[in-house]
Amino acid sequence: RREISCESPSGRQVRLFFERFVSLDNLHLGTLRASVQPVNFSGKIRIRSGINGQVTNSGVQHFREGHLRLLPGGILASITRTQESDVVICVAAAHRYLLDEVPLEVSEKVETGRRRIDIESEVDLGEGQTLTIVKYGVAYTDRDPDSDEVPEEGESALLERAEAGIGVATAAGYDRLFSAHRLQWE
């Protein structure tokens, strides 16, 4: 767990908390929990998160143009292929929000760009309140050892697996997923 305290030039202080893991219990799953707490002010907090397929190494793109989708339940999805090895990959993500540890429904605006899909949302926070955002992400490929997909069904089958994987993760929640992950270390 990382904790950061920041102060703006106008004197507004905020505390940020970050936790994350890539699961040893489910090798397709990565989860991030971030919290923000205004210390000496009330105001609007803007959140932007998503899937970025514009990753490069020394300026070389890893992914081809693909398909971006918004699935039911606010699930973001990207289906693409790697440039060199032609591996089909489906990445999906969903976000859940808590205000002082109580689930919070938040309106999300979806934006797409070249090889990226994002959500943006805003939440009004009072001094001392804590907004927590949990991001659940999964990745599946047509070469996963636990996959028995027929190649011509690859993309749609991967999308179904990703949607189901996000559903299982969001239903379980961060703490249960982290506990299952930790058990694999023992």
Side-chain angles (χ1 to χ4, degrees), residues 2 4 16 18-36 45-97 106-123 131-174 177-178 181:
R2 293 184 179 204
I4 301 168
L16 303 166
F18 300 94
E19 301 172 89
R20 65 179 185 234
F21 68 95
V22 175
S23 180
L24 284 176
D25 183 56
N26 174 352
L27 300 181
H28 300 283
L29 174 69
T31 307
L32 165 74
R33 180 164 56 187
S35 299
V36 59
I45 303 295
R46 181 176 298 146
I47 301 106
R48 185 175 185 90
S49 178
I51 299 170
N52 181 358
Q54 297 176 342
V55 179
T56 64
N57 254 354
S58 302
V60 176
Q61 290 286 332
H62 289 289
F63 303 111
R64 297 181 189 165
E65 296 299 324
H67 307 287
L68 302 171
R69 302 220 170 111
L70 175 63
L71 304 175
I75 299 171
L76 306 175
S78 171
I79 304 169
T80 188
R81 291 178 179 268
T82 59
Q83 290 282 11
E84 293 298 318
S85 53
D86 201 36
V87 174
V88 178
I89 182 168
C90 180
V91 177
H95 302 80
R96 297 298 179 261
Y97 305 84
V106 173
S107 175
E108 296 177 328
K109 177 182 164 190
V110 178
E111 295 182 9
T112 59
R114 192 165 185 206
R115 291 189 298 274
R116 68 177 302 131
I117 184 168
D118 300 303
I119 57 98
E120 188 172 293
S121 53
E122 293 182 340
V123 176
L131 173 67
T132 300
I133 305 99
V134 182
K135 180 178 183 177
Y136 302 92
V138 295
Y140 292 88
T141 77
D142 62 349
R143 296 192 188 170
D144 290 338
D146 61 344
S147 174
D148 56 2
E149 314 306 344
V150 178
E152 53 272 7
E153 297 174 358
E155 289 187 13
S156 62
L158 290 176
L159 186 60
E160 288 175 17
R161 291 184 77 197
E163 186 174 9
I166 288 289
V168 168
T170 57
Y174 185 96
L177 295 171
F178 186 68
H181 161 72

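Any value given below was found using the heavy atoms of this structure, including those in side chains, with hydrogens, waters and symmetry copies removed.
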Nearest-0.5 Å distance, [atom1] of residue [X] to [atom2] of residue [Y]:
{"X": "His67", "Y": "Ser78", "atom1": "NE2", "atom2": "OG", "value": "9.5 Å"}
{"X": "Glu155", "Y": "Asp142", "atom1": "CD", "atom2": "CG", "value": "9.0 Å"}
{"X": "Leu29", "Y": "Tyr140", "atom1": "CG", "atom2": "OH", "value": "8.0 Å"}
{"X": "Phe21", "Y": "Arg33", "atom1": "CZ", "atom2": "CZ", "value": "9.0 Å"}
{"X": "Tyr97", "Y": "Leu131", "atom1": "OH", "atom2": "CG", "value": "8.5 Å"}
{"X": "Ile119", "Y": "His95", "atom1": "CD1", "atom2": "NE2", "value": "4.5 Å"}

Counting C-beta onward and ignoring hydrogens, is there a side-chain heavy-atom pair between [X] and [Y] closer than 4.5 Å?
{"X": "His28", "Y": "Asp144", "value": "yes"}
{"X": "Arg114", "Y": "Glu65", "value": "yes"}
{"X": "Val134", "Y": "Thr31", "value": "yes"}
{"X": "Thr80", "Y": "Arg115", "value": "no"}
{"X": "Ser85", "Y": "Arg143", "value": "yes"}
{"X": "Leu158", "Y": "Ile79", "value": "no"}
{"X": "Leu70", "Y": "Leu76", "value": "yes"}
{"X": "Val106", "Y": "Ile47", "value": "no"}

Indicate the atoms forming the closest heavy-atom contact of [X] with [Y], along with that distance.
{"X": "His181", "Y": "Ser23", "answer": "ND1-CA, 3.5 Å"}
{"X": "Ala139", "Y": "Val91", "answer": "CB-CG2, 4.3 Å"}
{"X": "Leu177", "Y": "Ala169", "answer": "CD1-O, 3.6 Å"}
{"X": "Ala94", "Y": "Thr170", "answer": "CB-CG2, 4.2 Å"}
{"X": "Pro72", "Y": "Glu163", "answer": "CD-OE2, 3.9 Å"}
{"X": "Ala77", "Y": "Leu71", "answer": "CB-CD1, 4.0 Å"}

Q | Aromatic plane relationship, Tyr174 with Phe178 - under 30° parallel, 30 to 60° tilted, over 60° perpendicular | A | parallel
Q) What's the verdict on side chain to side chain contact (heavy atoms under 4.5 Å, CB included) for Val36 and Val123, showing C-alpha distance, side-chain angles and the deciding distance? A) CA-CA 11 Å; Val36 59; Val123 176; over 6 Å; no
Q) Do other residues, nucleotides or ligands put more than 12 heavy atoms under 6.0 Å from Arg81 CZ? A) yes
Q: Sort and list the pairs that fulfil salt bridge (charged side-chain N to carboxylate O under 4.0 Å, His left out) and have at least one residue in residues 48-63, not counting sequence neighbours.
A: Arg48-Glu111, Arg48-Asp118, Arg48-Glu120
